[in-house]
2 protein chains.
Amino acid sequence: MSQIDVRALLRHQPMFHQLSDAQIDALAPGVREVRGQKSQVVFHRGDVCEGLYLVVYGRVKLSISSAQGVEKVIEIIQPGQSFAEAVMFLGTPCPVTAQFLEDGLLLQVEASAIDRAMTDDPAFARRLLAGLSMRLHSLIRDVERYSIESSTQRVLGYLLQYADPEQGAQQVVTLPVNKNLIASRLNLTPETFSRVLHQLSDAGLLAVNGRDITLLDLDKVRAFGCG
Amino acid sequence: MSQIDVRALLRHQPMFHQLSDAQIDALAPGVREVRGQKSQVVFHRGDVCEGLYLVVYGRVKLSISSAQGVEKVIEIIQPGQSFAEAVMFLGTPCPVTAQFLEDGLLLQVEASAIDRAMTDDPAFARRLLAGLSMRLHSLIRDVERYSIESSTQRVLGYLLQYADPEQGAQQVVTLPVNKNLIASRLNLTPETFSRVLHQLSDAGLLAVNGRDITLLDLDKVRAFGCG
DNA sequence: CGAGCTGTTGATCTCAATCAATCTGAGTGG
DNA sequence: CCACTCAGATTGATTGAGATCAACAGCTCG
């Protein structure tokens with residue numbers, strides 16, 4: 001019964017969308033369910049992982065910590081996304097710590113199962129490569145942000161991610177998590193993040209109401225972000 | 001004749017080490033030689049690439065530039081390494097600019113050839129995945145450096161990369177490129193990089209002589225790097 | 001020689017971090 | 001229903017690391 005359950009869950013994961021039922025069946029024995037509560041740790045930095053993780057529901061944060069205990073969020077993994085692929089392929093210790101942001105369910109797929117699927121279906125390998133490539137690009141984007149953009153530009157860049165160019169010039173972005181986490185994600189202190197939002201609000205570019213942020217003029221916001 | 005040449009070059013690339021002669025032969029038609037001189041641009045940020053690049057000799061820098069023209073080196077690609085894989089798999093515009101650091105020779109392998117090799121040989125796909133995974137981890141390391149390490153820690157971390165733990169407590173590291181480039185790689189200005197080296201030299205941790213840097217006590221350097 | 005890199009040194013400035021106080025609102029329990 | 005708590009968020013004052021600006025030294029190479 002848990003087996004049937006797992007297969008259904010697997011079938012709904014974007015990563016496995018193009019796999020046949022037979023391939024999903026072959027995968028299932030190598031899958032372990034991982035349930036966790038808010039703030040529970042999936043693995044610590046330095047642990048060895050035997051397989052990649054898929055998020056069924058709940059969110060997971062990947063973070064690093066300095067020797068002084070300052071924590072820095074690298075990424076927030078949403079349902080349908082995966083993590084720890086790179087660690088699985090390399091067999092090296094995890095460079096980050098993974099922790100539930102809220103109660104959730106993960107599937108851990110062991111390396112041998114992925115290997116089998118890759119051998120059976122080259123398109124699956126391609127999908128994995130595309131996934132890692134996207135991750136890579138977003139990390140390059142992060143490096144770029146941290147190294148050559150100001151705090152204001154980082155905040156605007158972040159907000160613009162969530163803006164839909166198709167929609168009107170004015171639109172509301174709701175922050176997916178609390179401001180402390182976003183500040184960390186942007187490599188800012190919560191204080192600075194708050195100040196930047198206020199300053200942009202004073203400049204008439206946006207309006208803040210709790211976690212809802214209204215971009216008042218998309219074009220102006222874009223122009224500001226590039227200045 | 002150029003064909004024979006290309007095959008020999010391909011055979012010597014780490015990425016293709018486990019391929020059979022027949023697979024190399026199959027690859028060859030999809031390969032283009034790219035010769036370039038120092039400071040010549042391979043592709044600009046925003047260009048679309050039709051395939052990945054292998055460095056036969058010479059070195060290539062990947063960099064980004066801010067709107068204000070500040071350049072930031074993301075990575076320095078050495079002979080035997082590859083770049084632009086992620087762009088190839090995604091078909092998206094390049095997020096970085098690639099430029100020869102000295103006269104060199106690249107091989108551009110078009111996506112279809114890579115696809116064929118992946119289908120023929122699942123182990124090749126695995127090797128590609130491992131390569132991207134390593135790239136990913138080193139970028140995480142970069143993000144970590146930029147976000148939670150001080151300039152001194154970044155410099156020491158960089159130098160320690162080149163130190164051999166097996167060797168004695170004292171060893172010489174020769175910088176692979178000029179100090180301006182390394183400073184950029186570490187997200188420092190050349191001025192700050194120079195000052196940090198001096199300060200470490202004053203502290204008795206190392207001695208600087210042009211591009212040769214002698215780490216005087218590896219353990220102390222490690223301890224300092226973690227402080 | 002002088003032009004042009006590469007690297008060093010000094011003075012100053014600036015952005016964001018830090019430290020500290022306060023505020024808000026959503027629970028929690030009496 | 002209200003007092004209490006406590007995490008999240010804001011605001012102000014101060015600090016500091018590293019950038020910036022500027023001058024200059026050493027060198028290689030035409």
Side-chain angles (χ1 to χ4, degrees), chain A residues 38-39 61 65-73 76 99 101-102 145-158 174-203 206-213 224 227, chain B residues 38-39 61 65-73 99 101-102 145-158 174-203 206-213 224-225 227:
Chain A
K38 178 172 177 167
S39 85
K61 82 169 175 211
S65 294
S66 71
Q68 293 81 39
V70 182
E71 189 192 43
K72 166 76 191 62
V73 177
I76 295 167
Q99 197 175 7
L101 280 178
E102 56 237 358
R145 278 213 257 259
Y146 296 161
S147 55
I148 58 182
E149 291 185 1
S150 69
S151 57
T152 307
Q153 288 173 318
R154 294 209 290 276
V155 170
L156 289 178
Y158 179 84
T174 301
L175 302 179
V177 289
N178 73 42
K179 292 185 182 174
N180 286 344
L181 269 178
I182 292 177
S184 173
R185 186 73 247 288
L186 295 174
N187 205 25
L188 297 173
T189 57
E191 293 95 322
T192 302
F193 184 50
S194 172
R195 279 186 251 266
V196 167
L197 283 180
H198 242 256
Q199 175 191 318
L200 289 170
S201 166
D202 287 349
L206 47 80
V208 182
N209 180 20
R211 280 195 197 169
D212 294 329
I213 295 176
F224 213 89
Chain B
K38 178 172 176 167
S39 86
K61 82 171 175 209
S65 294
S66 71
Q68 294 81 39
V70 182
E71 188 192 43
K72 165 76 190 63
V73 176
Q99 197 175 8
L101 281 178
E102 55 237 358
R145 278 214 256 261
Y146 295 162
S147 55
I148 59 182
E149 291 185 1
S150 69
S151 58
T152 307
Q153 288 174 317
R154 294 209 290 276
V155 170
L156 289 177
Y158 179 83
T174 301
L175 302 179
V177 289
N178 74 42
K179 292 185 182 173
N180 285 346
L181 268 178
I182 293 177
S184 173
R185 185 73 247 287
L186 295 173
N187 206 25
L188 298 173
T189 57
E191 292 96 322
T192 302
F193 184 50
S194 172
R195 280 186 250 266
V196 167
L197 283 181
H198 242 256
Q199 175 190 318
L200 289 170
S201 166
D202 287 349
L206 48 79
V208 182
N209 180 18
R211 280 194 197 170
D212 294 329
I213 295 177
F224 212 91

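These figures come from a predicted structure and were not determined experimentally. Chain letters run A, B, ... following the sequence lines, proteins first and then strands; every chain starts at 1.
Atom CZ of B:Arg154 and atom C1' of D:dA17 are 10 Å apart (whole Å). Note: CZ (A:Arg211) to P (D:dA7) measures 16 Å, nearest angstrom. Rounded to whole Å, the distance from CG on A:Leu175 to C1' on D:dG8 is 13 Å. Per the geometry, CZ belonging to A:Arg195 stands 9 Å off C1' belonging to D:dA13, to the nearest Å. Between the C1' atom of D:dC27 and the NZ atom of B:Lys179 lies a distance of 14 Å, rounded to the nearest Å. One atom, CD1 of B:Ile182, and another, P of C:dT8, lie 11 Å apart when rounded to the nearest Å. Taking atom CZ of residue B:Phe193 and atom P of nucleotide D:dT20, one finds them 17 Å apart after rounding to whole Å. In this structure, the OH atom of B:Tyr146 is 14 Å from the P atom of D:dG18, given to the nearest Å.
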- Show your working on side chain to side chain contact (heavy atoms under 4.5 Å, CB included) between B:Tyr146 and A:Asn187 and close with a plain yes or no. CA-CA 9 Å; B:Tyr146 295 162; A:Asn187 205 25; 5.8 Å; no

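Checking the phosphate oxygens (OP1, OP2) of C:dA16, a side-chain nitrogen or oxygen of A:Ser151 falls inside 4.0 Å. A sub-4.0 Å separation between OP1 or OP2 of D:dG18 and a side-chain N or O of B:Thr192 is absent. Residue B:His198 places no side-chain N or O under 4.0 Å from the OP1 or OP2 atom of C:dT8.
Between B:Arg211 and B:Asn178, the shortest heavy-atom contact is NH2-CB, 3.4 Å. Residues A:Thr152 and A:Gln199 share a closest heavy-atom pair of OG1-NE2, 3.7 Å.
Residue A:Thr189 is classed as a base contact, given a heavy-atom separation below 4.0 Å to a base.
Comparing D:dA9, C:dG7, D:dT10 against the side chain of A:Asn180 picks out D:dA9 as the nearest. The side chain of B:Glu191 sits closest to D:dA22 out of C:dT6, D:dA22, D:dT10. When distances run from any side-chain atom of A:Ser150 to the nucleotides C:dG7, C:dA16, D:dT11, the shortest one goes to C:dA16.
Taking CG of B:Leu206 as the reference point, atom CG of B:Leu197 lies at 6.5 Å (rounded to 0.5 Å).
Among the candidates B:Leu181, B:Leu101, B:Asn180, the single residue satisfying the side chain to side chain contact (heavy atoms under 4.5 Å, CB included) test with B:Val73 is B:Leu181.
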